[in-house]
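Any value given below was found using the heavy atoms of this structure, including those in side chains, with hydrogens, waters and symmetry copies removed. In what follows, chains are A, B, ... by sequence order, proteins preceding strands, each numbered from 1. All of these numbers come straight from a predicted model, not from anything done at the bench.
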Amino acid sequence: MSPMDTGITLNELVYSLVARIPSGRVMTYGQIAALCGSPRAARIVGGIAHFGSEELPWHRVVNKRGGLAGAFPGGRSAQAQLLEAEGVSVSAESIVGVDSLMWWPPESEEQL
DNA sequence: CGAGTGACCGCAA
DNA sequence: ATTGCGGCCACTC
């Protein structure tokens, strides 16, 4: 199934997913891209984030290594600060136990 | 409308 | 273990 079939674009789906990430939880670019139907389109997620709405919790979006985004507005420190404020432990520039904090949306939501 | 860039991921050497 | 390259979609010039 492709997002295009539903008439929704990848970026729209990314917005929905990011907006639904609960506090204290994080998602990886690859994970979001995979949910969109393009596991190799992690780059697009990053690009969308750069041009996306600032209202969305992009600070909860990190890379597979648990590392923070490089061009986050304010710097990685700002993103780390936001994550720690939500109860996420951040060591240096990587999240501690990011795999445990990996959040996954309900299967029903995948059909969006 | 065409080309370039991008907050990444995964594999091969 | 580290380094290098390809791939995908959307946005900007």
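Here Phe51(A) lies in heavy-atom contact (under 4.0 Å) with sugar-phosphate atoms only.
Summarising the geometry, the separation between CZ on Arg43(A) and C1' on dG7(C) is reported as 8 Å, rounded to the nearest angstrom. We find that CZ of Arg65(A) is positioned 7 Å from P of dC9(B), with the value rounded to whole Å. As a whole-Å value, the separation of Ile32(A) CD1 from dA7(B) C1' is 11 Å. Between the CE atom of Met102(A) and the P atom of dC9(B) there is a distance of 9 Å, rounded to whole Å. Rounded to whole Å, the distance from CG on Leu10(A) to P on dG7(C) is 19 Å. When the P atom of dA7(B) is taken as reference, atom OH of Tyr29(A) falls 9 Å away, rounded to whole Å. Distance CD (Gln31(A)) to P (dG10(B)): 10 Å, rounded to an integer number of Å. Rounded to an integer number of Å, the gap from CD of Glu54(A) to C1' of dA7(B) is 14 Å.
Using a distance-only test at 3.5 Å, with no hydrogens or angles considered, a donor-acceptor pair links the side chain of Thr28(A) to the main chain of Gln31(A). Of the possible polar contacts, none joining the Ser38(A) side chain to the Ala34(A) backbone as a donor-acceptor pair under 3.5 Å is found.
The existence of a salt bridge linking Arg25(A) and Glu86(A) is excluded, since no basic side-chain nitrogen approaches an acidic carboxylate oxygen closer than 4.0 Å.
Between His59(A) and Leu83(A), the shortest heavy-atom distance links the atoms O-CD2, 3.3 Å. Residues Gly52(A) and Tyr15(A) come closest through the heavy atom pair CA-OH, 3.1 Å.
Between Gly47(A) and Ala42(A), the one whose closest nucleotide on DNA chain C sits nearer the 5' end is Ala42(A). Looking at which nucleotide of DNA chain C each of Tyr15(A) and Arg40(A) is closest to, the 5′-most match is held by Arg40(A).
In this structure, of dC8(C), dA10(C), dC9(B), it is dC9(B) that holds the atom nearest to the side chain of Asn63(A). Of the candidate nucleotides dC11(C), dA7(B), dC9(C), dC11(C) has the atom lying nearest to any side-chain atom of Asn11(A). Between dA7(B), dA10(C), dG7(C), one nucleotide has an atom nearer to the side chain of Ala69(A) than all others, and that is dA7(B).
Between Lys64(A) and the phosphate of dG10(B), there is a side-chain N or O to OP1/OP2 separation shorter than 4.0 Å.
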